[in-house]
There are 2 protein chains.
Amino acid sequence: MSKIHHRSLYLEVADRVRELIEQGDLAPGERISEKQLCERFGVSRTPLREALKVLASEGLIELLPNRGARVVRLTLKMVKDTYDLMGALEGLAGELACQNISDEEIKVIRALHDEMLRHYRDRNLPDYFQVNQRIHEGILSASANEVLQETYSNLNQRVKRVRYSKKMTDDFWRKAVQDHEHMILALEARDGRRLGQILRDHLCNKLEVASLAGVIEDETTLDVATS
Amino acid sequence: MSKIHHRSLYLEVADRVRELIEQGDLAPGERISEKQLCERFGVSRTPLREALKVLASEGLIELLPNRGARVVRLTLKMVKDTYDLMGALEGLAGELACQNISDEEIKVIRALHDEMLRHYRDRNLPDYFQVNQRIHEGILSASANEVLQETYSNLNQRVKRVRYSKKMTDDFWRKAVQDHEHMILALEARDGRRLGQILRDHLCNKLEVASLAGVIEDETTLDVATS
DNA sequence: GAAAGGTATTATGAATTCAAAATACAACCA
DNA sequence: TGGTTGTATTTTGAATTCATAATACCTTTC
């Protein structure tokens, strides 16, 4: 029997705005009008503004005093920095996972891995991405470190738009799958150090795609926040 | 000529509440009364509540729907997890710092290091802590990764109460200074890998003190959030 | 005397209102 | 015509107000 818990309005609103940003309905750098969003969601300004404060502290939007909110524009450097961080976090997750993971959990991840390989052979990119993400989540989860998971999830949220961009060169894809091949082996051998190293490099590689995809603007293009 | 920028009230309030938590004026697990704080700061509930939302997303307090806010109680596991994370982040910072740091910056850190040694010899714990922190900040800063700095700073904030607790065994202190001796050498040699490893272990050690100090309660004591 | 139920009080959630800053626009002047 | 100043409008910042959920307390009943 699950508790009835009325989620606060501001949380609901924050989720919705997050979606809008993730989907690109709110473009980077775009000014966010409070009135407009209030009407869109059918709520008053109070919960909306509370939601905006939360999103700002998550790094998704920036609040300019007396001038409203705007979606953060990702610079190349910001994304690079974030990837470095996520690499370090995935590395730690891998090490911890090898210490804590059960045989059962390994089997689950192995199953996901094999499923991902099938999607790769079928050239089914959407499903590949989905399963791929679940593998990484599985490792994070096996680390049994909630603070780590939460932190990673926040960073991931920030760069999601870029990360799962549609472009994917065939060459990179092959390389990513190869990484995963090594990963599952290291995991099954419970070789934390090696798994950590692979995960670190794995994420770093992804940056290449991102920058190639041209989704990110160069850091020279704009640095709104530095005014 | 510096711009006149009127900081928003909610930011001011958030800072003040952060201080209260850090100083222990608001005890862990203590219920935060909105009215009380409003009167204390002389502001209305609106900016206060916005500040509370921010602090909640920073992980300092937790908001129970219709039941107000309370200061997060640190469990031993939470602190352990956070230390693991901070270790990974400091490690990354060390590696990046070795890539980016200028000779000038190294000299500054060396000077701080020597100053810290003097405080150690004088058994001046407060000043030791202060300079020690500035060294770590220097390395973080030399990493030239703002996302990393921001993330680290947030995690640090959460465990500050514990971390800079008054207790400090003589044995641990000696060991910490020894770590720093190795650190400065690795930094001057620009040996990123080694510096990273040292920083990681360095932080891990600190956990011993924290748990010894008995400031943290065991995870069995309470897990309020898991209701 | 203890437990259950109901009422009063208090605290929080959210909308509305008021104030102040920023923006848009028009009039005026060089 | 171009630029500047002043006014009107819009938008944000913060206080107040209203509604609702939670808590405390009192009464009633067994």
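In this text the structure is predicted, and so the values were computed from the model without any measurement. To find a chain, count down the sequence lines: A is the first, B the second, and so on, and within it residues start at 1.
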Are any side-chain N or O atoms of A:Arg158 and backbone N or O atoms of A:Glu58, one a donor and one an acceptor, separated by less than 3.5 Å?
yes

CG of B:Leu37 versus P of D:dA15: gap in Å, rounded?
14 Å

I'd like to check A:Arg16 versus A:Val43 (side-chain heavy atoms, cut-off strictly below 4.5 Å). Are they in contact?
no

What orientation do A:His136 and A:His202 show, parallel under 30°, tilted 30 to 60°, or perpendicular over 60°?
parallel

In whole angstroms, the gap separating C1' of C:dA11 from CG of B:Leu52 amounts to 13 Å

Whichever of A:Arg45 and B:Lys35 has the more 5' nearest nucleotide on DNA chain C, that residue is B:Lys35

Distance, rounded to the nearest Å, where A:Leu63 contributes CG and C:dA22 contributes C1'
16 Å

Which whole-number value in Å describes the distance from A:Glu34 CD to C:dA21 P?
17 Å

Would you say the side chain of B:Thr46 and the base of D:dA15 hold a donor-acceptor pair, judged only by whether the two atoms sit under 3.5 Å apart?
yes

Starting at atom OH of A:Tyr10, determine the distance to atom C1' of C:dT12, rounded to an integer number of angstrom.
12 Å

From D:dT16, D:dT12, C:dT23, pick the nucleotide closest to the side chain of A:Arg67?
C:dT23

If I take atom CZ in residue B:Arg7 and atom C1' in nucleotide C:dA21, what distance separates them, rounded to the nearest angstrom?
18 Å

Using a strict threshold of under 4.0 Å (side-chain N to carboxylate O), is an ion pair present between A:Asp84 and A:Lys80?
no

Rounded to the Å, how far apart are B:Leu48 CG and C:dA14 C1'?
16 Å

Is the phosphate of D:dT10 approached by A:Arg31 (side-chain N or O, under 4.0 Å from OP1 or OP2)?
no

Please round to the nearest 0.5 Å and tell me the distance separating atom CZ of B:Arg40 and atom CG of B:Leu48.
11.5 Å

Heavy atoms only, 4.0 Å cut-off, all strands: where does B:Ile32 land among base, sugar-phosphate and nothing?
sugar-phosphate

Can you tell me the distance, in whole Å, between the CG atom of A:Leu9 and the P atom of D:dA19?
17 Å

DNA chain C: A:Asn66 or A:Pro47, which has the more 5' nearest nucleotide?
A:Pro47

